[in-house]
Amino acid sequence: MKDLPTQLAAELSGHQGPVRAVRFNKNGNYCLTCGSDKTVKLWNPHRQLLIKSYAGHGMEVLDADASHDNNRIASAGADKIVQLVDVGTGQVVRKIRGHLARVNCVKFNEESTMLLSGTYM
C-alpha cells in the first residue's frame, strides 16, 4: 500500500461557509465540492482551478457525485431534493422530490443508469 501524503497538496477556496463533501470523479482528474452556500463546484484540483459553480438547491448541499461519463452531476440537499445537472450547460435536468427529510447522500451506479439517494429521520 502506498504511503499517505504528509503535506497539503492544494487548497481550493471558493465556498462561502462550510464544505460538506469533496468527491473525485472516476479517473481522479476533477473533483466536486458542495456546501452550505447551496452550490456544487467543479474543480481541477491539480491546477487549483474552479471550472464551474452549479446552483439550484434551496438549502445547503450535503453530497454530490459525477456520472461515469462526467456529463451529469447529482447533488443531495437539505431541501429534501436530489438535483441532476448537465455539466456542460449548468442547467438543471431534473429535480427529484420525495424524501421526507434532508437528503444526506447520493451516488450513481457504475454504469450511471441508476441513482441512489439516502436520508434518515
Side-chain angles (χ1 to χ4, degrees):
M1 184 197 288
K2 285 180 150 181
D3 289 334
L4 293 175
T6 58
Q7 293 182 321
L8 179 66
E11 186 174 325
L12 306 175
S13 298
H15 281 281
Q16 302 297 316
V19 173
R20 300 301 183 195
V22 178
R23 305 281 183 244
F24 277 94
N25 70 332
K26 306 305 181 233
N27 63 15
N29 291 334
Y30 299 98
C31 71
L32 299 170
T33 59
C34 55
S36 63
D37 61 1
K38 308 175 193 172
T39 66
V40 175
K41 296 186 183 298
L42 174 63
W43 302 87
N44 179 328
H46 308 288
R47 293 182 166 179
Q48 300 175 22
L49 176 68
L50 174 61
I51 297 169
K52 196 169 202 141
S53 267
Y54 304 92
H57 279 280
M59 296 176 75
E60 67 180 332
V61 184
L62 302 170
D63 197 16
D65 192 34
S67 62
H68 188 70
D69 61 5
N70 296 318
N71 287 330
R72 299 276 192 261
I73 294 171
S75 57
D79 56 2
K80 306 177 190 173
I81 293 173
V82 173
Q83 184 169 278
L84 194 61
V85 175
D86 181 276
V87 171
T89 66
Q91 296 297 310
V92 175
V93 176
R94 181 171 294 149
K95 286 192 176 196
I96 303 165
R97 294 173 173 85
H99 283 278
L100 300 176
R102 58 194 285 152
V103 186
N104 297 293
C105 56
V106 66
K107 181 77 174 159
F108 284 102
N109 69 334
E110 192 162 320
E111 298 82 23
S112 298
T113 56
M114 188 180 299
L115 182 64
L116 301 175
S117 58
T119 190
Y120 62 89
M121 300 195 324

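For the single chain, residues carry numbers from 1 onward in sequence order.
Under the 4.0 Å criterion applied to side-chain N and carboxylate O atoms, Arg23 and Asp63 are assigned as salt-bridge partners. Between Arg102 and Glu60 there is a salt bridge, with a side-chain nitrogen of the basic residue lying less than 4.0 Å from a carboxylate oxygen of the acidic one.
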(request) Give the intermediate values and the outcome of salt bridge (charged side-chain N to carboxylate O under 4.0 Å, His left out) for residues Lys26 and Asp65. (result) CA-CA 10 Å; Lys26 306 305 181 233; Asp65 192 34; 3.6 Å; yes
(request) Check the pair Arg72, Val93 against side-chain contact (heavy atoms from CB on, under 4.5 Å), reporting the backbone distance first and the verdict last. (result) CA-CA 9 Å; Arg72 299 276 192 261; Val93 176; 4.0 Å; yes
(message) What verdict does the side chain to side chain donor-acceptor pair (under 3.5 Å) test give for Lys41 and Ser53, after you've listed the backbone C-alpha separation in whole Å, the side-chain angles of each residue and the deciding distance to 0.1 Å?
(response) CA-CA 4 Å; Lys41 296 186 183 298; Ser53 267; 2.5 Å; yes
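Under the 4.5 Å side-chain heavy-atom criterion for Ile, Leu, Val, Met, Phe, Trp and Tyr, Leu32 and Val85 are members of the same hydrophobic cluster. Residues Val61 and Val92 are members of one and the same hydrophobic cluster, defined by side-chain heavy-atom contacts under 4.5 angstrom among Ile, Leu, Val, Met, Phe, Trp and Tyr. Cluster annotation: Trp43 and Tyr54 are assigned to distinct hydrophobic clusters (Ile/Leu/Val/Met/Phe/Trp/Tyr, side-chain heavy-atom contacts under 4.5 Å, transitive). By the criterion of side-chain heavy atoms lying less than 4.5 angstrom apart, applied directly or through intervening Ile, Leu, Val, Met, Phe, Trp or Tyr residues, Val103 is grouped together with Leu84 in one hydrophobic cluster. In this structure, Val87 is not a member of the same hydrophobic cluster as Leu115, with clusters built from ILVMFWY side-chain heavy atoms closer than 4.5 Å.
Atom CD1 of Ile73 and atom NZ of Lys52 lie 9.5 Å apart (nearest 0.5 Å). In this structure, the separation between CD on Gln48 and OG on Ser13 is 8.5 Å, given to the nearest 0.5 Å. Between Asn27 atom CG and Asn70 atom CG the span is 6.0 Å, to the nearest 0.5 Å. Separation of atoms CZ (Arg97) and CG (Asp79) is listed at 8.5 Å; rounding is to 0.5 Å.
The two atoms that bring Leu42 and Leu50 nearest to each other are O-CD1, 3.5 Å, heavy atoms only. In plain terms, the two heavy atoms of Glu11 and Leu8 that are nearest each other are OE1-CD2, 4.2 Å. Listed here is the closest heavy atom pair of Cys31 and Leu12: SG-CD1, 3.8 Å. Taking every heavy atom of both residues into account, Ser67 and Asp69 meet most closely at OG-OD1, 2.6 Å. Of all the heavy atoms in Tyr30 and Pro45, the pair that sits closest is CA-CD, 3.9 Å. Closest of all the heavy-atom pairs between Cys34 and Leu62 is SG-C, 3.8 Å.
Side-chain atoms of Thr33 and His15, non-hydrogen and from C-beta on, do get closer than 4.5 Å to each other.
In this structure, the side chain of Asn44 does not engage the main chain of Leu49 through any donor-acceptor pair within 3.5 Å. Judged by distance alone, with hydrogens and angles left aside, the side-chain atoms of Ser112 form a donor-acceptor pair with the main-chain N or O of His68 at under 3.5 Å.
With a 6.0 Å radius and a threshold of 12 heavy atoms from other residues, nucleotides or ligands, Glu110 has its CD atom at or below the threshold.
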